[in-house]
Amino acid sequence: MPEINKDNKKIVKVESGHRISEYVKSNEYIAAIVDGTLHDLSDVLESGRDAVLIHVDSEEGMRILRHSAAHLLAQAVTEIFPDALPNAGPATDDGFYYDFRMQPIGMEDLSKVEERMREISSKKLKIEKRELNKRELLELFKNNKYKIDRIMENVKDGTSSTVYSQGEYVDFCRGPHVPETSYIKAFKLLSIASTNYRGDVKLESMVRIYGTAFPDEKSLKLYIKNREEAAKRDHRKIGAEMDLFVFNPDRAPGLPLYTSNGAFIRNQLIDFMRNLNRENGWMEVCTPHLFRDTMWKQSGHYAKYKDDMFLFTLADGDEYALKPMNCPGHITIFENSPHSYRDMPVKMSEFGTVYRYEKSGEVGGLSRPRTFTIDDGHAFLRPDQIKEEIGLTLDMIMKSMGIMLSGWPISFDLSLMDKNHPESYLLQYKCRKCTHIIEPVRKSANASDIQCPECGSVDLEPDFSVWDSATDQLRSALVSRNIAFKEFEGEAAFYGPKIDVHVKDAFGRSWQLSTLQLDFNMPRSFGLYFINSESKHETPIMLHRAIFGSIERLIVILLESYFGKLPTWLSPLQVYLIPVSEAYADYASEIEKMLKSRGIMCILDLSSETVGKKIKLIRTKRPSYICVVGENERNNNTITVRNRKDSQVTLAVDEFINKLTKEINERRIEQSF
RNA sequence: GCCACUGUAGCUUAGCUGGUUGAGCAGCUGAUUCGUAAUCAGCAGGUCGGGGGUUCAAAUCCCCCCGGUGGCUCCA
């Protein structure tokens, strides 16, 4: 996605009784904000106001443009397929879609639809808004049950709402939209998908058409080019070329097998994180891959994720499950011994391989496998230790991202609770009558199903103090590291607030890596405690944290972003060594021995092919260095080295090996030569 | 699971409107001993994803199944 210019703000004074459009000279402005609400340019203001014009290049402007493009799509589809019933068509982060109840269509139909959209666009149809009352709305859309559903849900009796029309096409919509169809000129339909009404598999299936639109042809082209470029860098293609992993759909669907090359990359990443864990007091543990169902029932995973777990029953009737998460295993270790407040925090880490039964259509490559390994960690904390521990974990994140993905934009999201819906969260309550504190529970949405155990009153007040304190500590940990972050209200898990870390690659794709989640629930459901300074049992707070996230996904990110040309410390082929002829095989073997004794990944190619051919054919394996030795090198005890960018230098063998060893040990991204 | 696209040798691929598959690379054998993106020659490798049907004849047309890929959260 191209950069969005957020400073394209223009404010005009609109006098009472006038249309906003009268003050707009350029067709780069497509809508306006007045007193915080969105308006069409055709709107007449009843009293004089400042209107903030929305530029088509702004984030808001793009959404409006794409939403209008979705309407254009619906118009074209209903013209070509009169039986198609439009449901809904919003803008998405990088385009738009529209859902229709209709016969399945194919890609040929898509180009027909796109052609029709262009025709309609060039007709410069005015996009007009009308206000209708509920009765009129229901009458207008009487043949479309989906629109009727939406009207019933969104328009209260006796009130009115808006419809937008362009030519013959009318849609129930709250807008705003661009002024006329010709504003939508740079667009493309991308794909067809099946979806169900309201996303519910039990309801009828619908055809979803995806597309995207941009303010100008150039940005559209760039977007399409980036998509194609990203496809070329698909990790599955690169992985096959470099011989990193194998998939066998018959024997192990969705379960990757790593070759020695792939295993090398994994192990390098794991070694790196293992050291970082040690430096930061995360003690490595090792837990089994399967547990009895009883544990999963206690943890709550069974109730929530039963359908996504690999479950099986043994001959004696005992039920087991492969672990979908590592936390209960770590809890089992924690439980085994008493803990004083002085020993806290207790921090366990594990490269924990988990198994999740993803639905058949959802698995694919390393990005959506059915087994993956998390650089998992669970800290058992006293309530006052959150800030310190989060701060240290943020340091680990900054350090590891700097080493692996130097210079990539990183963003931090802090997810908070929505205090208007306390019933969505695990909360402590206070009895308004007798001030008794009720242990954390999750109230159900409507019922007054909880009563005070002391006086029986149902008049309970949510006590946010634990959440507030935890959230403040997360926030101040971020602030203490000078980290910019965004807050998202209502995005917290029911059991606690969290911080998510995303990185953005060279193609503008955002990837989630680290997560830090506080958990007030699991320590409670397992009855965990530590002995506090008053010799009383106190429940610890758990921190679930992963820095890489899944190692599989990290490998995907590294392969796709480096195009397979990994930093040398991660490369399974660090040196590819060629003697110019058999006569120099001995000299090359000596060098090979020296490299191997330093642990450098090296292949010596003594086959009878020409140097040119060997270089040509090794390219898909992406060696860090291609080294050639012959008469010159042997006479001077040197080596000729060609790097990933194909620049070449001849230097002393000792110097090469020393600098290369340093490059690998220091995990440098840039090459030494 | 649902929809679209797709499936010819290990990889990349030719095969038009039906006449039982053609190549390049990789592999193997031999020659060549060579200075940075393919040395030469030969050999071998395919139930055209699987099954059924139409037809004198199917990789090609029809039906069913199985893989792979994209999508199935963003609500007028």
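Letters A, B, ... are given to chains in the order of the sequence lines, protein chains preceding strands, and every chain is numbered from 1.
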(message) Between rU55(B) and rG10(B), how many Å separate the two P atoms, rounded to a whole number?
(response) 35 Å

(message) On the side chain of T610(A), is there an atom forming a donor-acceptor pair with the base of rU39(B) - under 3.5 Å, no angle test?
(response) no

(request) Please determine if a side-chain N or O atom of K613(A) lies less than 4.0 Å away from the OP1 or OP2 oxygen of rA26(B). (result) yes

(message) Which nucleotide, if any, forms a Watson-Crick or G-U wobble pair with rG46(B), using both distances under 3.5 Å?
(response) none

(request) Could you tell me if the ring centre of Y98(A) sits under 6.0 Å from that of F96(A)? (result) no

(message) So, does R236(A) get its side chain near the phosphate of rC11(B), meaning an N or O under 4.0 Å from OP1 or OP2?
(response) no

(message) I want to check one thing: is the phosphate of rC74(B), taken as OP1 and OP2, less than 4.0 Å away from some side-chain N or O of Y97(A)?
(response) yes

(request) Give a yes or no on whether a donor-acceptor pair under 3.5 Å exists between the nucleobase atoms of rC2(B), that is its base, and the side chain of S194(A). (result) yes

(message) Taking the cut-offs as 6.0 angstrom to the six-membered ring centre and 45 degrees off its axis, would you call R370(A) and Y357(A) a cation-pi pair?
(response) yes

(request) Would you please classify the geometry between the Y625(A) ring and the F656(A) ring as parallel, tilted or perpendicular, with 30° and 60° separating the classes? (result) perpendicular

(message) With a 3.5 Å cut-off and heavy atoms only, can you find an N or O donor on one side and an acceptor on the other between the side chain of Q648(A) and the base of rG35(B)?
(response) no

(message) OP1 or OP2 of rA37(B) versus the side-chain N and O atoms of R642(A): is any pair under 4.0 Å?
(response) yes

(message) Cation-pi check for F214(A) against R66(A): NZ or CZ below 6.0 Å from the six-membered ring centre and within 45 degrees of the axis, yes or no?
(response) yes

(message) Using atom P in both nucleotides, what's the gap between rA4(B) and rG42(B) to the nearest angstrom?
(response) 48 Å

